[in-house]
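So the structure is just underneath, and the comments pick up after that.
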Amino acid sequence: MRRIYFIVCLCLAVHAGGNLLKGQDAPPPKTPFSFTRLTAHWDEYSSDGYLKFLNEVKPEVAQVGFWGAHFWSLSATPHGKGYPAHFPVQGHRECSQWQENLYGKIHKLGIKPLGHFNVIFLVGDPDSEKGPRGFFKFYNDQWDEAELGPKPVKDPTELLERNRDGSLISNKGYSIGGMKEYWGCLRNPHWRAVLKAWVRFAIRRGVDGFVINYYYRHDCHCTHCVSGFKSHLAGRYDKKELAKNFGIADLQKHTFEEIGSWHSPKTSTLLQREALRFSQVSNKQAFDDVFVKFGRGLKPELILAQWNHIGDFSQIDGDEKCMLPGNLWSSDEDYLWYSLGSSANFTRLKDGFLGEGTLQARYIRGASGDKTYTLGKYESVRIRASIAELAANGGAPMGFYTRVKDPEARKVLTSYYGFLHQHDDLYHDNTSHAEALLIFPRSAVHAGDLAPRDRFKQLGRKLLDEHVLFDILPDDMATPAVRKKYELVVDPNDTNVSAASMQKALPAIRSRFDAPPTVRVSASRPARLDELTVHFVNYNRAERGEGGNPGGTIKDEKPIATKEFSAKIQVPEGFSVKRVEFLTPETGQPASLKHGLSNGQVTIRIPSFSVYGVARIRLQKKAPAKPQPKVAAIVTEYRHNSHADIIVSRLLQTYTLDGKGRTSPLELVSLYTDQVPETDTSRALVRKHGFRLSPTIEDALTLGTGKLAVDGVLLIAEHGKYPRSATGNVQYPKRRFWDETIKVFRSSGRVVPVFVDKHIADNWKDASHIYDSATKMKIPIMAGSSLPTTWRRPAADVRRGAKLKEILAITYGSTDAYGFHALEYCQALAEQRGGGETGIRAVQMLTGKAVWDAFEKKLFDVELFEQAWDRLSWSQAPRDKLTERVPSPLLFRLEYVDGLRVNLLELNGAAAEWSGAWRYADGSSSSSLFWTQEGRPGMHFTWLLNGIEEMILTGKPAWNPERTLLTSGALDALLISRKENQRRVKTPYLELKYQPAWSWKEPPFPPPMRPWSEQ
Ligand SMILES: [Zn+2]
């Protein structure tokens, strides 16, 4: 006993030591990237219409372009123009440049481009009359060592899969350009080195991630496969078992007849299944090695997915992951891409066959632990139904190879994707809501027994037909604790369970839907709303002839709308129902539904709809929720689109300023406005929402009680009629607001968090007074612009802790108000650098001709300027006419204590957006557009508000107030420099140090935009 204990301890110690070492150089684990709208194209992507299509449909992710074996085999041949890749130009260089340009344009639309990456499927001839062709010509003659590094081996045939007799495995199934197909072997380290060179090449060309296809292994007997399979068997069986199970007397000397992969389940042997397991586990190791470790080592946020096949739950005869243990099944993939082959791209309604992927969808959702996934249905007819079934079950529709050129399909895609976009709060990161659980018999599949799988499909169909709300989980994930959460667990491993016995076992109290048999029902809970979303997908349609016509276009979808039907839905425990709405992409507006409530069930009538309907059941917590923190707003003026409106109104009108978005956790209880212009909107809001309109700041903070009575204060002094200082900065009454606020804090003996909008004050004296008194009185304080928190296109940040040489930014608008925003995002980048913030030693503002001279003399990194310029999504001047178009350019120059230089160019007349680029000490660089939503609801202000909420809820600032102390002081000093003949102004008072408490997170996709003039 004692000895065993000792051994266990030793193992743990060694293991922990290993982890510690790993922890030092391994990047932090990546959170899977989640999304709800995808488009994917192998062709029709080369015309201008494609980008217009993306802009209409607004997916979050676009799968487009090729970087793996198809690219290197075909793009330099005349055969690249056809299947599979439809390359628009010829040549490795030409094609990669073309794809890089396309990615730049896609980035500007705020969409992430992911490339297809084929990992083994080569096209070529090692030797033909004209010499090597395709892949072999590339490897022998066109491998550019400057781009790809040294070749791992001289002879390309050393990389390939081989038959038992040593010959190369080849095929002529596609006969592209009359060439044969060959396959690289993923177990071969040299082949992986080739893949890594290709991955690096593609990342350098702006790809945000890869969807990786052709994850196959054939009956390869190369030395790596033979030795790999031997060690696989040695790891699972001892000598006796090897002899007994496989007749292998001496594993090392043994030669295998076959080391196959997928095979017929009917004749499956244990050895064949071991070969399949070996194929899949080693493929996963290759994925981890090439893409996760190497790819994410180059680009930590690299988005990864494999392209796999499931069909109608084919397993050992056609699923790439069927033998993988649960912990490897989807690890390190951001999303899952599964093909249904031809199993579900048609209907046969008279036999009750709906041509659906509902079971597969729920299985993938459950087995992956609720990651984003999509289903490839290879169908061009039922576009609405394909989108709806994924949206209903937590997937991301891709409208498979959506027809860019078919106006009818395009119209439907735009309206369905627009619907998902508009109601993103219901879809993004939602969780499944179910009353029953259906077990997927993974353990039996691993053991080669597919009978439980067949029962699983049968029971699943029955549950769907009965309109039961159910989840699917593989048996190894369905722990007793998980099973307990469901009213009913259906386990096809149990041979006694049949469709009839299951129907008897259905709980009497459950959600019931009187829906027609062509309708499937599922339910979800939004990530951040107290709601239950019930989804209905109707597959009824006018079929054309026998077989439900898989070919054709969307004109043949011909949906037949449902009749009205009733539904009784279990209300989640602890909630009552506030109201119910019905949505469908077919009509614009949500319809209010009458509802009855009894015995914990809500009863509604679902109106007639065509293909997709959603009942939105808005819930209300029964027990009184924790009181919301009370907030006072002290503002200069309050009118439509003023900072007061754009920040404070979110507490009244939800995050989207239209009453339809998420609600802030803060409650506005009082408002003081320093000025009341004719266009004031605050008085109307007081009448509508009933908060206190205070005549003084003291009253707003005490609510007339004589003592501090709020939990947070917003000081918003931007806009209004105030004088300008000698240097041109508007003198908003920030110090007066602040001093009156802390007067109440002092007399009450208590402080609460304070947010100061934009700069802390317009001059250093007031800014340092505010900061110092906050520090002295221990007041949590935050200030600044929304720009650090806004979208970056592409998503990029200064690598935390990296040595940084220079930041260059392009700004526009007024120098004090808009220049401040640019200073803020530059400082948010700067503070991430190695050693943390060291402060600013001196600043200088160059104007007019001195700016153009600075270009000539290269007083800043001109190449960084070009990069920042290229990030602007539109610009009013050609790059070479800058001097004509920009009458009064400005250059802000900031010198940091540790040597970092920050240069900001204000280019009114040419630029009307913010961008930036930065150079690391190692010479590499990065750049981005700082994108703001220029229309209501100006959603970037929500990300600013989220930071304020965090401070008021936790008492800790979400980012350092020192950031804004620096930018406020720097702006003040820069304006002094401008006034005093562009002199260099020393700023010893700005030599302050801090470590950043914040890092940028990519905000969710922007909500639909309304003109600024609208509510
Ligand atoms: Zn091999």
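First listed ligand is number 1; within each ligand, the first listed atom is number 1.
In this structure, Phe135 and Phe138 have tilted ring planes: the angle between them lies in the 30° to 60° band. Taking the six-membered ring where tryptophan is involved, the planes of Phe456 and Phe440 are perpendicular, since the angle between them exceeds 60° and thus also 30°.
Taking the six-membered ring for Trp and the full ring otherwise, the centers of Tyr335 and Phe35 sit less than 6.0 Å from each other. Between Tyr338 and Tyr373, the ring centre distance reaches or exceeds 6.0 Å.
Around the Zn ion (ligand 1), the protein N, O or S atoms closer than 2.8 Å are Cys185 SG, Cys220 SG, Cys222 SG, Cys225 SG, listed by chain and residue number.
A salt bridge links Glu333 to Lys321: at least one charged side-chain nitrogen sits closer than 4.0 Å to a carboxylate oxygen.
In summary, the side chains of His221 and Asp165 do not present any donor paired with an acceptor at a separation below 3.5 Å, with no hydrogens or angles considered.
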